[in-house]
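Data block below; observations after.
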Amino acid sequence: MAQRQRSLGSGERSGSVGIVIKGARFTEADAEAQVHGICFKTGPPERVGVELEWLVRDRHDPTLPVQAKRVAATLAGFGSSNPPNDQDDQEQASRLVRNPEFPSLPSGASLTVEPGGQLELSSVPAATLGELLEVTGRDLAALRDAAAGVGLELCGYGLDPLRPPRRMLDLPRYVAMEKFWDRDGPWGRQMMCGTASVQVCVDAGDDSAGGSGYRARWRLLHAIGPVLVAAFANSPLRNGKPTGWRSSRQQVWAHMDPGRTRAPAENGDPRDAWATYALDAKLMCVREPGSADWTAPAGLTFREWLRGGSATLRPPTHDDLTYHLSTLFPPVRPQGHLELRMIDAQLGDGWIVPTAVVMALTSDARAAEAAMAAVEPVWAQFRDAGDHQMGSLGSVGPWLRAARFGPGDPTISRASKQCFEAAEAALSRSGAPAPIRQAVADFTERYVLKDRCPADDQLEGVPAL
């Protein structure tokens, strides 16, 4: 569940794969059916996982750029000793990702390297929070030890507070991605090369109309999203100076292509809304085996490509759509499971708290109901001001207030306190391990009840300008 999708490097190759499905060209209807079938996998919501991104920096001088060979040395002891030789797996090999046949860590978790040298640990799905904490804790200890062995450390900030963005990986995907983002300014490079997050992954849910159904869970996760942004905001600095935002990582996302970074509009069933969102998003890159240039025509959407809107591109395939889906970055991304992307990276083992809060609010009916009631005023303030669009779950208003002010926004502060109270009660009812409950209680005491967030710790260490 929480691991990266493996299908990109397996099976038939993009570019050589047949474009005929059941005797017909890959059509909009085929594409919509594919999105419906793979993005919301229904079943009892039970599992939880995490994708933990870390900035990597020199242990003795955090302002220094880190060379790729030092990151490679960190990962040298993990996984298979036989990286893939296949031409189309070159991207994975270059990213220091081992053969998908062999997990990178004994637990089965995978390790990947992001464009700026950030490391990401993607856990296997766990049946309980306790299991996730135990297994991922061991994996992180091993990874931290490996980094320390080459003079590096894993740093849990949402945005690099000191170093400018610098792309480490020179691969077709990232070259094309950089070109795409550069059309709208410098923000894309900051996201690619200088940000990190805690991505909590939970099951989509069953097909019922109740709280365990994917429709209710999709709506709940979007509704509580601003509270999660504010409570765990941890990126107030850029180049060593305050930005005026508690989550400058979310500031970065707010300046990027809204068709792939903002929440989909509320539009009936989430599957339909997501299919519309995905097909109407612009192409970021087009994989072409043997070519170093994956640049997509500017402004072309996947829907337009399906309709023959490009004179230079071959017809799209189902593999192209799968790859296109991997270039969409909304706050909640359906990948069979639901992946929450709005939470800044946290120091040390701080990832445990947002993971526990999300799991508590989504797995306990009483907590979910309390959370929905708590966040209603967060969204209603925009509807009450006459902006009904801004008050919908697809709006940016609450997200931006949460990112800029954190729990300093009074409405978000009240909602946060109520959501954390509901989460603590749910964790107690579920019999969650004492260390997890204590971590949530300590975070609540240190931050939530005092209208603070981890970003405030960083700001307190910055001299007045």
Worksheet item: Atom CZ in Arg262, atom CG in Leu400: separation rounded to 0.5 Å?
Response: 7.0 Å

Worksheet item: Is there a side-chain contact between Trp351 and Leu133 (heavy atoms, below 4.5 Å)?
Response: yes

Practice prompt. Would you sort out whether Glu421 and Val448 count as a side-chain contact (heavy atoms from CB on, under 4.5 Å), showing the intermediate values?
Written response: CA-CA 10 Å; Glu421 180 181 4; Val448 179; over 6 Å; no

Worksheet item: Side chains of Leu221 and Val202: does their closest heavy-atom pair fall under 4.5 Å?
Response: yes

Worksheet item: Counting N and O atoms only, with roles assigned by atom type, does the side chain of Glu114 sit under 3.5 Å from a partner on the main chain of Glu120, one being a donor and the other an acceptor?
Response: no

Practice prompt. State whether the side chain of Asp203 and the backbone N or O of Arg47 hold a donor-acceptor pair below 3.5 Å, judged by distance alone.
Written response: yes

Worksheet item: Do the ring planes of Trp294 and Tyr323 sit parallel (below 30°), tilted (30 to 60°) or perpendicular (above 60°)?
Response: perpendicular

Discussion item. If I take atom CE from residue Met191 and atom CD from residue Glu178, how far apart are they, to the nearest 0.5 angstrom?
Written reply: 10.5 Å

Discussion item. So does His318 get a backbone contact from the side chain of Asp30, meaning a donor-acceptor N/O pair under 3.5 Å?
Written reply: no

Discussion item. Could you check whether any side-chain N or O of Asp182 sits under 3.5 Å from a backbone N or O of Lys179, counting only pairs where one atom can act as donor and the other as acceptor?
Written reply: no

Worksheet item: So do the side chains of Glu134 and Arg138 get within less than 4.5 Å of each other, counting heavy atoms only?
Response: yes

Discussion item. If the condition is side-chain hydrogen bond (donor to acceptor under 3.5 Å, both in side chains), which residues does Thr355 pass it with, not counting sequence neighbours?
Written reply: none

Worksheet item: Between Cys39 and Leu325, is any pair of side-chain heavy atoms under 4.5 Å apart?
Response: yes

Worksheet item: Passes side-chain contact (heavy atoms from CB on, under 4.5 Å), Tyr214 versus Arg271? Steps please.
Response: CA-CA 9 Å; Tyr214 72 87; Arg271 284 174 166 166; 3.6 Å; yes

Discussion item. I'd like to know if the side chain of Ser248 reaches the main chain of Gln251, judged simply by a donor and an acceptor atom lying under 3.5 Å from each other, with no hydrogens or angles considered.
Written reply: no

Item to complete: Please check if any side-chain donor atom of Asp206 sits under 3.5 Å from a side-chain acceptor atom of Ser212, or the reverse.
Response: yes

Worksheet item: Just by modelled atom types, is the Lys241 backbone N or O under 3.5 Å from a matching donor or acceptor in the Asn239 side chain?
Response: no

Worksheet item: Among pairs that include at least one residue of residues 176-198, which meet ring pair (Phe, Tyr, Trp, His ring centres under 6.0 Å), considering only residues two or more places apart or in two chains?
Response: Trp187-His255

Worksheet entry | Atom of Pro316, atom of Leu306 and distance for their closest heavy-atom approach | CG-CD2, 3.7 Å

Item to complete: Could you pull out all residues at least two apart from Trp274 that satisfy ring pair (Phe, Tyr, Trp, His ring centres under 6.0 Å)?
Response: Tyr277

Item to complete: Output yes when Asp58 and Arg70 qualify as a salt bridge under the 4.0 Å nitrogen-oxygen rule, no when they do not.
Response: yes

Worksheet item: Got a second to check how far Thr327's OG1 is from Arg260's CZ, nearest 0.5 Å?
Response: 4.0 Å

Item to complete: State which residues pass side-chain hydrogen bond (donor to acceptor under 3.5 Å, both in side chains) with Ser197; sequence neighbours excluded, sorted by chain then number.
Response: Glu53, Gln199

Worksheet item: Are side-chain N/O atoms of Asp319 and Thr322 paired as donor and acceptor at under 3.5 Å?
Response: no

Discussion item. Do Thr301 and Leu283 make a side-chain contact, defined as non-hydrogen atoms from C-beta onward lying under 4.5 Å apart?
Written reply: no

Worksheet item: Gln118 and Gly194: which non-hydrogen atoms are nearest, and at how many Å?
Response: NE2-N, 3.6 Å

Worksheet item: Partners of Glu153 by side-chain hydrogen bond (donor to acceptor under 3.5 Å, both in side chains), sequence neighbours excluded?
Response: Arg57

Discussion item. I need the minimum non-hydrogen distance between Pro165 and Cys193, along with the two atoms involved.
Written reply: CB-CB, 3.8 Å

Worksheet item: Is there a donor-acceptor contact under 3.5 Å linking the side chains of Gln438 and Asp442?
Response: yes

Worksheet item: Ignoring hydrogens and geometry, is there a side-chain-to-backbone donor-acceptor pair from Arg246 to Val229 under 3.5 Å?
Response: no

Worksheet, complete the sentence: Heavy-atom nearest pair, Leu427 first then Ala356, reads CD2-O, 4.0 Å

Item to complete: Nearest 0.5 Å please: distance from the CG atom of Leu338 over to the OG1 atom of Thr362.
Response: 9.0 Å

Discussion item. Using modelled atom types and a 3.5 Å cut-off, is there a donor and acceptor pairing between side-chain atoms of Gln458 and backbone atoms of Asn234?
Written reply: yes

Practice prompt. Work out which heavy atom in Gly130 is nearest to a heavy atom in Ile436; give both atom names and the distance.
Written response: N-CD1, 3.9 Å

Item to complete: May I ask you to decide whether Asp207 forms a salt bridge with Arg215, counting only side-chain N to carboxylate O separations under 4.0 Å?
Response: yes

Practice prompt. Grab the two heavy atoms, one from Val375 and one from Cys419, that are nearest each other, plus how far apart they are.
Written response: CG1-SG, 3.9 Å

Discussion item. Using modelled atom types and a 3.5 Å cut-off, is there a donor and acceptor pairing between side-chain atoms of Arg249 and backbone atoms of Leu159?
Written reply: no

Fill in: Set of residues satisfying ring pair (Phe, Tyr, Trp, His ring centres under 6.0 Å) with respect to Trp54, sequence neighbours excluded
none

Item to complete: Apply side-chain contact (heavy atoms from CB on, under 4.5 Å) to Val135 and Ser123, showing your working.
Response: CA-CA 8 Å; Val135 173; Ser123 78; over 6 Å; no

Worksheet item: Heavy atoms, side chains only, cut-off 4.5 Å: are Thr136 and Leu52 in contact?
Response: yes

Practice prompt. Report the C-alpha distance between Ser430 and Asp364 in whole Å, list the side-chain angles of each, state the deciding distance to 0.1 Å, and finish with yes or no for side-chain contact (heavy atoms from CB on, under 4.5 Å).
Written response: CA-CA 8 Å; Ser430 69; Asp364 183 289; over 6 Å; no

Worksheet item: So among Leu111, Leu55, Leu75, Thr112, which one has a side-chain contact (heavy atoms from CB on, under 4.5 Å) with Leu119?
Response: Leu75

Response to the item:
The side-chain contact (heavy atoms from CB on, under 4.5 Å) partner of Leu237 among Thr243, Leu459, Asp160 is Leu459

Practice prompt. Would you check if Val56 and Thr74 make a side-chain contact, meaning some heavy-atom pair closer than 4.5 Å?
Written response: no

Item to complete: Say whether, by atom type as modelled, one donor and one acceptor occur between the side chain of Arg144 and the main chain of Gly348 under 3.5 angstrom.
Response: yes

Fill in: Between CD on residue Glu51 and CD on residue Glu339, distance to nearest 0.5 Å
4.5 Å

Worksheet, complete the sentence: Value for CZ (Phe443) from CZ (Phe232), rounded to nearest 0.5 Å, stands at 4.5 Å

Worksheet entry | Side-chain heavy-atom pair Leu105, Phe78 within 4.5 angstrom cut-off | yes

